[in-house]
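What follows is a single structure, and I will ask about it in a moment.
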Amino acid sequence: MDCRMSTSGETEIHQLFTTLGLELPSATSTRDTIVTEDPSSGAALARVPLDDLASAQAKVAAACDAFTRLRLEPGPARGDLVRKFGARLRAHKDALARIVCAEVGKGIEEARGEVQEMIDICDYAVGLSRTLGGRTMLSERPGHRMFEQWLPLGPVLCISAFNFPVAVWSWNAAIALVCGDPVIWKPSLKAPLCAIATHGLLQPVLAQAGFGDAMQLITGADDPVATALVDDPRLPLVSATGSCAMGRAVAPRVAARLGRSLLELGGNNAIIVDATADLDLAARAIVFGAAGTAGQRCTTTRRLFVARSIESPLRQRLVAAYQQLQARIGDPRDPQTLVGPLIDRDAQSRFREMIAEIQRHGGELLVGGAAVDRPGYFVQPTLVRAPDHATFPPIDQETFAPILYIRSFEDDDLGRALAWNNGVEQGLSSALFSDSVRAVERFWSPAGSDCGIANVNLGTSGAEIGGAFGGEKATGGGREAGSDAWKSYMRRQTCTINGSRALPLAQGIRWD
Ligand code: NAD
């Protein structure tokens, strides 16, 4: 890897780990290592040892052993582990956010929000640990009682993406823990320090309760380490977050062993703005949705469909906002910065290639369109007018960068905007800005948005943990976090007890 060891980057990470009471892992001569870098400078932050197949197997065995004990621990006691973890996150929120900021380039304010999301899911999971329950059904047989109970499933493999390097694992880990499942975490190798720090914060809580082996962290290569985990029949659930390409590689392997997958894959999210919309509200939501996190959220707004009569005033507002944004690109540690870097050199190259493709297909660059000439992997937030009627292949793809495409539709043709909204392979998030109750009902109708998230008068990103999070089609169909997402982490058992002295058969069958 072509990056210089940076004294300041190394020192910053060292100090943050010390603040957390943790030590950075030391590289040994027997382990392969990777160097993790600061995307806002390209400088090295730390050298991280990797797991090989043997160490990964040993960690899976330890998690399986922990499961035999964790599943027998009362639910509220498992909830208490999560409560204590949440307390440690509260105490160390700022330091953990600074590690996220340094390693993935997320603006410090958004990084704090990511850690807050971890705290929120812990609170939620603690409540769940006393409320998880099954239904009681009426039996057709006299003297019989029927009910269902939910039992721990087994060790969960959690594969996480770089862009939410701590929150997405915590959605899985907090819920899995109260459900009685150990978690084996395979983080992105673009964000191993975030994982090591998070794991280090949880570990003392578990160790004190005799469950020091219940959560395992495996920093290993996709091939062969992650692939072997995906194939491992001891892991009944694979919860994988990342690109559609990753899902297409992982899902068939899990299916081949008849395991369960919970997939949280890519998005190509749209906002529709109709002629009745509040344009100030819409403009603010669009700019945050499209340029926040430098366009590197799964829920980033990538497409904008605007009613013809308001296209010009909305476009003018967006152009003005995007022009102002160019002055707010910079070091994500600075609270004044609104747009940080892309994750790495490859991401910057993909942005450049996409800009060339946009121009080749007749897209008009309204603002931005260039990489920023400074160390690190910065690009300009970019606004593109896409042709309304011609096919325009760039708009159908998820480019993980701050590129927003605008198209317009006739004011009385919401159906066309909905068809565009649904006309991509992914189905994660969508939003409508409208003051028309008819338009809103159409957006939410069975013929409306086909996405897992459908918002009205707010943007596509920034979900709360209380709702089930996820999307349809190539987004993978998984649901994490709130609502009844916990059911993915448990097995359901339907139980019937006969309290009578007779043995009536169901459906009235006589077989004497
Ligand atoms: P990625 O697909 O490159 O990697 C994601 C994770 O999968 C990493 O840990 C990676 O090591 C692992 N992985 C990749 N190929 C694998 C394989 N064959 N077997 C096992 N593991 C494998 O994604 P990324 O670049 O880290 O993240 C960006 C993508 O993630 C975007 O597409 C974004 O939309 C998506 N994402 C989705 C959600 C969601 O909730 N829907 C959330 C965050 C990110």
Side-chain angles (χ1 to χ4, degrees), residues 34 36 39 50-51 56 103-106 114 117 121 157-172 184-192 194-195 217-232 235 238-254 256 259 261-269 293-302 342-344 346-348 350 377 397-401 424-429 451-453 460-463 465 467-482 485 488:
I34 51 163
T36 180
L50 292 179
D51 280 290
E103 193 177 35
V104 303
K106 190 171 281 196
E114 175 158 1
E117 201 169 344
I121 194 77
L157 172 60
C158 174
I159 296 175
S160 62
F162 81 83
N163 64 322
F164 276 93
V166 291
V168 169
W169 167 84
S170 71
W171 296 353
N172 284 275
I184 294 157
W185 185 6
K186 207 304 287 171
S188 166
L189 291 187
K190 294 171 187 171
C194 294
L217 175 63
I218 297 180
T219 44
D222 290 346
D223 190 16
V225 175
T227 305
L229 295 172
V230 165
D231 290 341
D232 196 323
L235 308 178
V238 176
S239 173
T241 303
S243 58
C244 298
M246 180 276 284
R248 289 195 169 97
V250 165
R253 299 186 82 108
V254 182
S261 301
L262 195 171
L263 299 174
E264 294 288 357
L265 308 176
N268 191 355
N269 317 293
T293 328
Q296 299 174 110
R297 285 188 184 219
C298 51
T299 51
T300 288
T301 310
R302 306 198 182 277
L342 296 184
I343 185 67
D344 58 17
D346 285 351
Q348 198 185 38
R350 278 194 296 275
Y377 310 117
Q397 301 171 39
E398 180 197 43
T399 305
F400 225 49
V424 290
E425 65 165 358
Q426 304 89 341
L428 181 53
S429 187
C451 295
I453 298 168
T460 56
S461 65
I465 54 89
F469 181 88
E472 303 301 333
K473 304 192 293 185
T475 301
R479 290 297 186 279
E480 287 175 344
S488 294

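All values below were derived from every heavy atom in this structure, side-chain atoms included, with hydrogens, water molecules and symmetry-related copies excluded. Counting from 1, the numbers follow the sequence of the chain as shown. Just follow the structure's listing: the first ligand is 1, and inside any ligand the first atom is 1. The shown structure was predicted, so the numbers you read here are calculated from the model rather than taken from an experiment.
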Inset, instruction - Using atom types as modelled and distance alone, determine if a side-chain donor or acceptor of E103 lies under 3.5 Å from a backbone N or O of C194. - result: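 Yes, the answer is positive, given that a donor and an acceptor are paired below the 3.5 Å cut-off.
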Legend entry - Nearest protein heavy atom with distance in Å, relative to atom 4 (O) of ligand 1: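 Minimum-distance protein heavy atom for atom 4 (O) of ligand 1 reads G242 CA, 4.5 Å.
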Legend entry - Closest protein heavy atom to atom 27 (O) of ligand 1, given as residue, atom name and distance to 0.1 Å: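 Ranking protein heavy atoms by distance from atom 27 (O) of ligand 1, first comes A161 CB, 3.3 Å.
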Legend entry - Minimum heavy-atom distance between N268 and E398, given as atom pair plus value: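 In this case the closest contact between N268 and E398 is ND2-N, 4.3 Å.
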Legend entry - atom 5 (C) of ligand 1: nearest protein contact (heavy atom, Å):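 In this structure, atom 5 (C) of ligand 1 has T241 O, 3.4 Å as its nearest protein heavy atom.
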Inset, instruction - Taking all non-hydrogen atoms of both residues into account, name the closest pair between A251 and L263 and its distance. - result: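 Smallest heavy-atom distance, with atoms named: CB-CD1, 3.8 Å.
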Inset, instruction - Measure from atom 19 (N) of ligand 1 to every heavy atom in T219, V250, V238 and give the option owning the shortest one. - result: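 Selected option, by shortest heavy-atom distance: V250.
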Legend entry - Nearest non-hydrogen protein atom, atom 41 (N) of ligand 1: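 Protein heavy atom at minimum distance: L265 O, 2.8 Å.
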Legend entry - W185, F400, F162: member with heavy atom nearest to atom 31 (C) of ligand 1: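 Checking each option, the heavy atom nearest atom 31 (C) of ligand 1 is found in F400.
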Legend entry - Nearest-0.5 Å distance, CZ of residue F469 to CG of residue L428: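 Nearest 0.5 Å value for the CZ-CG distance: 5.0 Å.
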Legend entry - Per-atom contacts, ligand 1 versus G267 - under 4.0 Å to a heavy atom: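 Under 4.0 Å from G267, ligand 1 has these atoms: 34 (O).
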Legend entry - Heavy-atom nearest neighbour in the protein, as seen from atom 2 (O) of ligand 1, with distance rounded to 0.1 Å: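 Checking every protein heavy atom, the shortest distance to atom 2 (O) of ligand 1 gives S243 OG, 2.5 Å.
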Legend entry - Contact check: W171 vs ligand 1, nitrogen or oxygen atoms, below 3.5 angstrom: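 Not met; the criterion fails.
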Inset, instruction - Answer with yes or no whether the side chains of N269 and T301 bring together a donor and an acceptor at under 3.5 Å. - result: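 The criterion, which ignores hydrogens and geometry beyond distance, is not satisfied for N269 and T301.
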Legend entry - Heavy-atom closest pair, residues I34 and L189: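 Closest approach of I34 to L189, heavy atoms only: CD1-O, 3.5 Å.
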Inset, instruction - For A226, counting its heavy atoms only, list the atoms of ligand 1 lying under 4.0 Å from any of them. - result: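 Selected atoms, number and element: 20 (C), 21 (N).
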Inset, instruction - Tell me which protein heavy atom sits closest to atom 10 (C) of ligand 1, plus the residue, atom name and distance to 0.1 Å. - result: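 It is D222 OD1, 3.5 Å.
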Inset, instruction - Only counting residues at least two apart or in another chain, list the ones meeting side-chain contact (heavy atoms from CB on, under 4.5 Å) with A195. - result: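 Applying side-chain contact (heavy atoms from CB on, under 4.5 Å) to A195 gives W185, P187, L217.
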Legend entry - Nearest-contact summary for atom 40 (O) of ligand 1 - protein heavy atom, Å: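 Result for atom 40 (O) of ligand 1: F469 CE2, 3.1 Å.
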Legend entry - For the student: nearest non-hydrogen atoms of S488 and R479, plus distance: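 Residues S488 and R479, closest heavy atoms: OG-O, 4.4 Å.
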Inset, instruction - Would you mind listing which atoms of ligand 1 come within a distance below 4.0 Å of any non-hydrogen atom of K186? - result: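 Selected atoms, number and element: 8 (C), 9 (O), 10 (C), 11 (O).
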Legend entry - Interatomic distance, S160 atom OG to E264 atom CD [nearest 0.5 angstrom]: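 Between atom OG of S160 and atom CD of E264 there are 12.5 Å.
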Inset, instruction - Could you pull out the closest heavy-atom pair between I465 and W171, with the gap in Å? - result: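 Closest pair (atom of I465, atom of W171, distance): CG2-NE1, 3.9 Å.
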Inset, instruction - Please name all residues satisfying ring pair (Phe, Tyr, Trp, His ring centres under 6.0 Å) with F164, sequence neighbours left out, ordered by chain then number. - result: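 Testing F164 for ring pair (Phe, Tyr, Trp, His ring centres under 6.0 Å), a comparison that skips the adjacent residues, returns none.
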Inset, instruction - Would you please determine whether I159 falls within less than 4.0 Å of ligand 1 on a heavy-atom basis? - result: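 Checking ligand 1 against I159, which is what was asked, there is a heavy-atom contact under 4.0 Å.
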Legend entry - Contact atoms of ligand 1, heavy-atom distance to P187 under 4.0 Å: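 That gives atoms 9 (O) of ligand 1.
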Legend entry - Nitrogen or oxygen of E398 less than 3.5 angstrom from that of ligand 1: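 It does: an N or O of E398 is found under 3.5 Å from an N or O of ligand 1.
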Inset, instruction - Using protein heavy atoms only, decide if any is under 4.0 Å from atom 23 (O) of ligand 1. - result: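 Given the 4.0 Å limit, the answer for atom 23 (O) of ligand 1 is yes, a protein heavy atom qualifies.
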Legend entry - Element-labelled atoms of ligand 1 that are located less than 4.0 Å from some non-hydrogen atom of A249: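 Matching atoms, with element in brackets: 18 (N).
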Inset, instruction - Under 4.0 Å from a heavy atom of N163: give me the atoms of ligand 1 that qualify, with their elements. - result: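 Answer, ordered by atom number: 43 (C), 44 (C).
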Legend entry - Nearest heavy atoms of G242 and A161, plus distance in Å: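 Closest pair (atom of G242, atom of A161, distance): CA-CB, 4.1 Å.
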Inset, instruction - Give yes if a backbone or side-chain nitrogen or oxygen of S160 is under 3.5 Å from a nitrogen or oxygen of ligand 1, and no if not. - result: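 Between S160 and ligand 1 (N or O atoms, distance only) the closest approach is under 3.5 Å.
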Legend entry - Heavy-atom check, side chain of L262 versus side chain of E480, under 4.5 Å: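 Yes, at least one pair of side-chain atoms sits under 4.5 Å.
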Inset, instruction - Name the closest protein heavy atom to atom 36 (N) of ligand 1, giving the residue it belongs to and the distance to 0.1 Å. - result: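 Among all protein heavy atoms, the one nearest atom 36 (N) of ligand 1 is C298 CB, 3.6 Å.
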